[in-house]
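These notes are about the structure you will find just below.
Lettering follows sequence order; numbering is per chain, from 1.
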Amino acid sequence: MNDNLIIAGKSYSSRLLVGTGKYKDFAETRAALDASGAEIVTVAIRRTNLGQNANEPNLLDAVPPSQFTYLPNTAGCYSADDAVRTLRLARELLDGHSLVKLEVLGDPQSLYPNVIETIAAAKTLVAEGFQVMVYTSDDPIVAKQLEDIGCVAIMPLASLIGSGMGILNPWNLQLVMERVSVPVIVDAGVGTASDAAIAMELGCDGVLMNTAIAAAQNPVLMASAMKQGVAAGRAAYLAGRMPKKLYSASPSSPTGGMIGKA
Amino acid sequence: MITLHINGEPRQFEQVTSVAELIAAMGLTGKRIALERNGEIVPRSSFSSQPLTDGDKLEIVVAVGGG
């Protein structure tokens, strides 16, 4: 069964998107990416270290853009202007690559999105031809506005970035999914495989995570667990779960043919 | 001698007149970088033709691990 994730007209077989930060080294990054099965991987854009050894290891060597779909992000940006400049640099850096992750943060403690700056940046980026996957709050009205601007995926938080608190408000995620027709990808907050499965069971189109894998005791094993969690949650969503009820008058075994009856 | 503000740090260079010469002086030739001059992207194809002037503010970036 073809159940691919379609973003901006491009098809992906994995519904798990992963970040490349916080790993011990590039070898671990690559091993975790491979175990996750992710095709789309986020990267950050940062000033080059002026004093650096010109031959020091490079992310692009360990994670070649020819083998993964890069999703440059605007992590650390607190204004629309900084986010737009960062992604213009990313597009130049990646030879015209236009698929990007927009995130404009509100404060450095919570890393909660600043949706006003996010909306402003999204307008500029879409007008400049970027394909914008946008990190935002789980506000369904904002999500719809971002879709109307032309964003190609809405990526609400499930809980705060790096918190590992899981899916705190499944009801809002459902409201977001009801209102937008582009893919909805939970971005941030997933802590373990069951969280990823829950997001997918709710009907989300994908899950994006970094810390949940990188900060696990065994990141490569957790990457594999997340792959399976996303796949299991997706299959359960498609299968359609049984309704919940307080009790069942219908046991799974036959009620007839019991021994010892007259 | 010109002073360029590179990634927020003032640095002085002699005989650097273009972006390409600056990149060479910094040992970054051939590296995967992107460069912004006074808030505007300088495409790699324009590195040789883009002049630099005293006081220019440059940002030179790379891709790094991130979520």
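The shortest heavy-atom contact between B:Gly67 and A:Ala75 is O-CB, 4.4 Å. Minimum interatomic distance between B:Val62 and A:Leu93 (heavy atoms only, all atoms of both residues): C-CD2, 3.7 Å. Between B:Ala63 and A:Leu60, the shortest heavy-atom contact is CB-CD1, 3.6 Å. Considering all non-hydrogen atoms of both residues, A:Pro65 and B:Arg32 come closest at CG-NH2, 4.5 Å.
Ranking B:Ile33, B:Asn7, B:Ile60, B:Val42 against chain A, the residue ahead of the rest is B:Asn7, based on heavy-atom pairs under 4.5 Å. Looking only at heavy-atom pairs under 4.5 Å with chain B, the residue among A:Asp95, A:Leu71, A:Val18 that has the most is A:Asp95.
For chain A, the nearby part of B:Ile41 is the side chain; its heavy atoms alone come within less than 4.5 Å. Of the atoms belonging to A:Leu89, heavy atoms from both backbone and side chain fall under 4.5 Å from chain B. Residue contact with chain A, scored on non-hydrogen atoms closer than 4.5 Å, involves the backbone and the side chain of B:Ile6 alike.
Side-chain atoms of A:Thr48 do not come within 3.5 Å of backbone N or O of B:Val61 as any donor-acceptor pair. Within the 3.5 Å criterion, the main-chain N or O of B:Leu35 finds no donor-acceptor partner in the side chain of A:Glu92.
Scanning residues 9-19 of chain B against chain A with a 4.5 Å non-hydrogen threshold yields B:Glu9, B:Arg11, sorted by number.
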